[in-house]
Amino acid sequence: VNWSNSNLTALKKKIQENPKEFLVIVGSGISLGLPSWSDLKDKMLDILEQKIIDEDPSRLSLIERLRKEPDYWTVFEHIKEELECDYERNMMEQLSIKDIQTPSVYKNLWKLGISGMITFNIDKFAEQSCAEVTKRVPDQASGLESYKFKTFTNTDDLFVWHPHGEYQSPPSWIFTRSERDKLYRNTDFKQAMCTLLNSKNLLILGFNALENNFQSLLNNIGFDGRVS
């Protein structure tokens, strides 16, 4: 984040005046060194393509169809089903942060004094940067840990929330349509997310907030405001 920009300088000042009123939401665009969702899709399709070539080349039309499919939730549904037990291993290889330095933007965000971060990434950059900057370990949870949700809305403690899962917990990952739909039907999850999003000023980084997919995500989890 280039804080020398006049608009960002003004925003930085506003955040520092009352940091607890701001909630940061981050997407894959700030986890530098890791693949974007689009790149991850392509890499996983390459792996699936090789599997099909080895086992049944007559099914290669599936790869062609999935490469053209614009709905990534649907694509990952097929990838997970086709790769079976190899799915988690290959995903972890693609999303490992080993030997990748924590992006400075995460550290700069915590330096502003914010109290929490919702990250739709499964990496641990948010937690690592928080500990480095604040010398404190934040409370953390994935979308599966509903018993922790209420603490995020009723405390001033630092927190990191991974609605779409944490790297070391594959059962918590949300990459497919069925996984997403199940999570967003969870009443505790929706209530906690709705409370957070509607009670804070949102700073959204790492993906285009005007894209239909992101607007749909906000609608699904109960955000009543407008993004501009």
Side-chain angles (χ1 to χ4, degrees), residues 1-3 8 11-12 15-16 19-20 22-44 72 76 88-145 148-149 151-152 155 157-175 179-180 183 192-193 196-197 200-209 211 213-214 217-218 221:
V1 178
N2 179 14
W3 292 112
L8 289 178
L11 174 61
K12 179 181 179 181
I15 295 173
Q16 290 176 325
K20 301 306 181 184
F22 283 82
L23 177 66
V24 175
I25 301 177
V26 299
S28 62
I30 70 169
S31 286
L32 303 179
L34 291 178
S36 66
W37 201 14
S38 175
D39 291 338
L40 179 62
K41 179 202 72 170
D42 290 339
K43 290 176 182 294
M44 292 298 289
Y72 290 2
F76 275 90
E88 291 180 3
R89 176 178 58 80
N90 281 289
M91 288 284 281
M92 295 186 82
E93 288 178 359
Q94 297 301 322
L95 296 172
S96 172
I97 63 173
K98 183 181 178 180
D99 300 325
I100 300 179
Q101 186 175 4
T102 302
S104 60
V105 63
Y106 282 99
K107 300 175 187 178
N108 291 335
L109 289 168
W110 289 113
K111 288 177 182 178
L112 293 176
I114 60 172
S115 60
M117 187 178 296
I118 297 178
T119 171
F120 286 89
N121 307 321
I122 69 172
D123 61 65
K124 305 295 284 186
F125 286 142
E127 290 91 332
Q128 290 180 1
S129 56
C130 179
E132 182 175 339
V133 171
T134 69
K135 309 306 178 185
R136 295 164 58 191
V137 177
D139 293 332
Q140 51 194 294
S142 69
L144 292 179
E145 298 171 300
K148 293 184 179 181
F149 296 166
T151 65
F152 295 156
T155 182
D157 292 338
L158 300 174
F159 71 87
V160 174
W161 192 358
H162 291 265
H164 285 183
E166 296 178 279
Y167 179 80
Q168 295 291 353
S169 177
S172 71
W173 295 353
I174 307 295
F175 285 102
E179 292 165 345
R180 183 199 66 179
L183 175 66
M193 184 69 78
L196 280 172
L197 296 187
K200 302 284 187 179
N201 295 308
L202 305 182
L203 181 58
I204 301 170
L205 301 170
F207 44 130
N208 186 349
E211 289 181 352
N213 285 340
F214 186 68
L217 183 151
L218 292 180
I221 55 184

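Between the side chain of S31 and the main chain of L34, no donor-acceptor pair closer than 3.5 Å is present. A donor-acceptor pair under 3.5 Å links the side-chain atoms of K200 to the main chain of K20, judged by distance alone. Listed for the S129 side chain is a donor-acceptor partner under 3.5 Å among the backbone atoms of A126. With S172 contributing its side chain and E166 its backbone, the two residues share a donor-acceptor pair below 3.5 Å. Side chain of S96 to backbone of M92: no donor-acceptor contact under 3.5 angstrom is found. A donor-acceptor pair under 3.5 Å is formed between the side chain of E145 and the backbone N or O of S142. With hydrogens and angles disregarded, a donor-acceptor distance shorter than 3.5 Å links the side chain of H162 to the backbone of N121.
Rounded to the nearest 0.5 angstrom, H164 NE2 and T119 OG1 are separated by 10.5 Å. Put simply, CH2 on W110 and CZ on R136 are 9.5 Å apart, with the number rounded to the nearest 0.5 Å. Taking CG of L203 as the start and CG of L23 as the end, the distance is 9.0 Å to the nearest 0.5 Å. Distance check: L95 CG to W173 CH2 gives 7.0 Å after rounding to the nearest 0.5 Å. A distance of 5.0 Å separates CD1 of I15 from CG of L112, quoted to the nearest 0.5 Å. In this structure, the separation between CD1 on I118 and CZ on F120 is 6.0 Å, given to the nearest 0.5 Å.
Across all their heavy atoms, I174 and P163 have their closest contact at CG1-O, 3.7 Å. The nearest pair of heavy atoms linking W161 to M193 is CH2-N, 3.9 Å. Nearest heavy atom pair, residue Q101 against residue F125, reads O-CE2, 4.1 Å.
Using a 4.5 Å cut-off on side-chain heavy atoms (C-beta onward), P103 and Y106 make contact.
The salt bridge (charged side-chain N to carboxylate O under 4.0 Å, His left out) pairs that include a residue from residues 25-37 number zero, where partners must be two or more places apart or lie in different chains. Within the structure, the salt bridge (charged side-chain N to carboxylate O under 4.0 Å, His left out) test picks out the following pairs touching residues 97-119 (sequence neighbours left out): K107-E132.
Counting only N and O atoms by type, the side chains of Q140 and K148 include no donor and acceptor under 3.5 Å apart.
Looking at residues two or more places apart in sequence or on another chain, you find no side chain to side chain donor-acceptor pair (under 3.5 Å) involving Y167.
Ring pair Y72/W37 is perpendicular by interplanar angle, where above 60° counts as perpendicular and below 30° as parallel.
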